[in-house]
Amino acid sequence: MREHAEDLFSTGDQVAGDPFAAETLGRHLARRIAELADSPDTPLFFGRLDIEEERFHVGRRHVTDVAGEPMVLDWRAPVSRKFYQASVKDPQDVRTRRRFGFVKGALTSFEDEHLQAGEELGTASRILLEEIERPRVGPMRDIVATIQPEQDELVRAELDESICVQGAPGTGKTAVGLHRAAYLLYLHRERLKRSGVLIVGPNSAFLSYIASVLPALGEIEVQQSTIDGLLGTVATATDTAAAAEVKHDPRMATVLARRLNGKIRKPEAPLTVSDGSYRWRVSTEALRRVVDDVRREAPPYGIGRERVRARIVSLLMRQSEARRGDSPSEAWQRRMGRSQPVVEVLDHAWPAVTAEQLVFEVLSDPADELLEPAEQAAIAWAKPPKTARSAKWTAADAVLIDEAAGLIDRVPSFGHVVLDEAQDLSPMQARVIARRSEHGSITLLGDLAQGTAPWAARDWRTLLAHLGKPEARVVPLTTGFRVPAAVVALANRLLPALGVDVPEARSLRTDGALTIGATPLRDAVRDALRFEGSIGVIAADATVPLIAAGIEHERVTVLPASLAKGLEYDHVIVVEPADIVAAEPRGLNRLFVVLTRAVSRLDVLHERPLPPPLDRVS
Ligand SMILES: Nc1ncnc2c1ncn2[C@@H]1O[C@H](COP(=O)(O)OP(=O)(O)OP(=O)(O)O)[C@@H](O)[C@H]1O
């Protein structure tokens, strides 16, 4: 199919009638080639279904033969669902389900389940186990060949349904979110092409780690961003912890809205507009009625200003029609709307304001009864800039400016938003997403136990309310595909101390190794290099430069604890857990994240005593 698209691409000039058509066709085909681009290591099919007398192969895309007959069904097609959902209990007419095992693109094995004869492998499938135990090299891969039934339920949820997945580490939340995006794009391509699909991740390291999953599934038109990347303001200053905490508090939304609405005032004088030899007049009462009506309708502030302008113009128009007997032109209406007396009424009653200006005003004078005096003092400019234009904004200010922009104008909504590591969203960051998904749905992925931000969610319902989806279904995932059982058991010791109510993970992995001791880092790295796969050395942020200096190897990544979220390495070496815990208020949660990055082996190196929930191990 790709060759066919490439052939067409090279002959595009000749087949398209004119240059515009040729360019459009060229763009379309170039995209199609990119969508069909596949790695030689990725087989096009991975399963087979025998349903009654028919036989279907299931793969990453639809594959047709030269005559256009289907050879492989896309994993997202309705029939393919049986590949993931059929069971002995509910065979769904499937006689045999066959899974193929591949190594570097070469077919090496297969497994059959004769469902109607009561044969089902479930999570005992050797092909599944080989897949989850394989060494991790490079970026994240898709899981289409081995999606589990509980994951498939989430992947195939309806487009209009918002879902929140509470999943313990390594239960496949990220994988589920990405596959759901691919599934929805397949099923609702035209609709989602118009509105768009957005994936939001915690940082750019995470985004590059997941970046190739959707393209491998043929989906190249998905926007992937951090929350900060969605905002129109670049941060060039930093807040104190106290200021950031207040700025991320949901009360700030009310503070901004009140300040903005406080700008609306009753007109205090009648309006008189000269129009050639005529003079039109609108009484103070009539002007007040216009402003009151628009205020009651509560449109976004900027739209409200234009609505007031339009209604004043229509009052003038009625007078002109009555006196002149014909309807004034659009140019006349525009001229009236921009005339100085009308602009003066507007500037008094509904003054224009930018988002930056509004935030600048609030931070210049944060007086509002919703905020305690100490909170007001915390967010007031330390050194007030002269104007909004000369202000240096912080990351939290950028969120406030986005809030203000949303109060002033409408924000286009994506058709679907996938939010990963969502437990760390502040209420105000959640509102950034709420504005961008008002007319769409969301998939919220996270683990309350992995919340490390000062404002991290303690329960999903509150965060869902800030996201504008209070009714979303909250679904737990508890089967762990990454972390070996021994490591899960260690990490789970921290759970009672984390102050959140989440179910524990049950690991599918009985392999793996855990060591805890005072081994020097250099020796631990040398030992780790004896095994295949990636090695992550994770330490408290401040100690990373010192540690990294002694380690240089292409398979070893030394990374600060604050960047480990969402990532995984075959072998993880955690350096001095006590330092990781001491480095921040939610240090224990950070340690929980760090310990659960290991795919096969975890070494915990410590000279200082282990933090209390772990100190009974060694
Ligand atoms: N059904 C599956 N088949 C094979 N591998 C899977 C499956 N589900 C998840 N995995 C693998 O398990 C690992 C963990 O998945 P993922 O990163 O999506 O989990 P997570 O819940 O987001 O983890 P965390 O909360 O720790 O970031 C990944 O390597 C993923 O490919």
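Keep in mind that what you see is a predicted model, and the values were worked out from it rather than measured. No hydrogens, no waters, no symmetry mates; every other heavy atom, side chains included, goes into these values. Atoms within each ligand, like the ligands themselves, are counted from 1 in listed order.
Contact annotation: Gly177 has no heavy atom less than 4.0 Å from any atom of ligand 1. Contact between Thr596 and ligand 1 is absent, with no heavy atom of the residue lying under 4.0 Å from the ligand. Residue-ligand proximity: Lys565 is placed with every non-hydrogen atom at 4.0 Å or more from ligand 1.
Under 3.5 Å, the side chains of Arg601 and His571 contain a donor-acceptor pair of N or O atoms. Between the side chains of Trp455 and Glu245, no donor N or O sits under 3.5 Å from an acceptor N or O.
Protein heavy atom at the shortest distance from atom 22 (O) of ligand 1 is Thr174 OG1, 2.8 Å. Among protein heavy atoms, the minimum distance from atom 3 (N) of ligand 1 is reached at Thr146 OG1, 2.7 Å. Atom 8 (N) of ligand 1 has its closest protein heavy atom at Gln151 NE2, 3.1 Å.
Across Ser437, Ser195, Ser441, Ser162, a single residue satisfies side chain to side chain donor-acceptor pair (under 3.5 Å) together with His416, and that is Ser441.
Residue-to-ligand polar distances place Ala175 within reach of ligand 1: an N/O pair is separated by less than 3.5 Å. Geometrically, ligand 1 and Asp420 share no nitrogen or oxygen pair separated by less than 3.5 Å. The shortest N or O to N or O distance between Gly172 and ligand 1 is under 3.5 Å.
Counting heavy atoms closer than 4.0 Å to ligand 1, residue Leu128 contributes side-chain atoms (C-beta onward) but none from N, CA, C or O. When non-hydrogen atoms are compared, ligand 1 lies under 4.0 Å from the backbone of Thr171 as well as from its side chain. Under 4.0 angstrom from ligand 1, the non-hydrogen atoms of Arg597 all belong to its side chain.
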Working for salt bridge (Lys or Arg N to Asp or Glu O under 4.0 Å), residues Asp112 and Arg97: CA-CA 6 Å; Asp112 281 347; Arg97 171 170 49 210; over 6 Å; no

Test side-chain hydrogen bond (donor to acceptor under 3.5 Å, both in side chains) applied to Thr174 and Asp420, step by step: CA-CA 7 Å; Thr174 303; Asp420 210 341; 2.7 Å; yes

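A cation-pi arrangement is absent between Arg493 and Phe592 under the rule of less than 6.0 angstrom and at most 45 degrees off the ring axis. Both the sub-6.0 Å distance and the 45° axial angle are satisfied by Arg98 relative to the ring of Phe110.
Every atom of ligand 1 is numbered from 1 in the order shown, and the set under 4.0 Å from a heavy atom of Glu421 is 27 (O).
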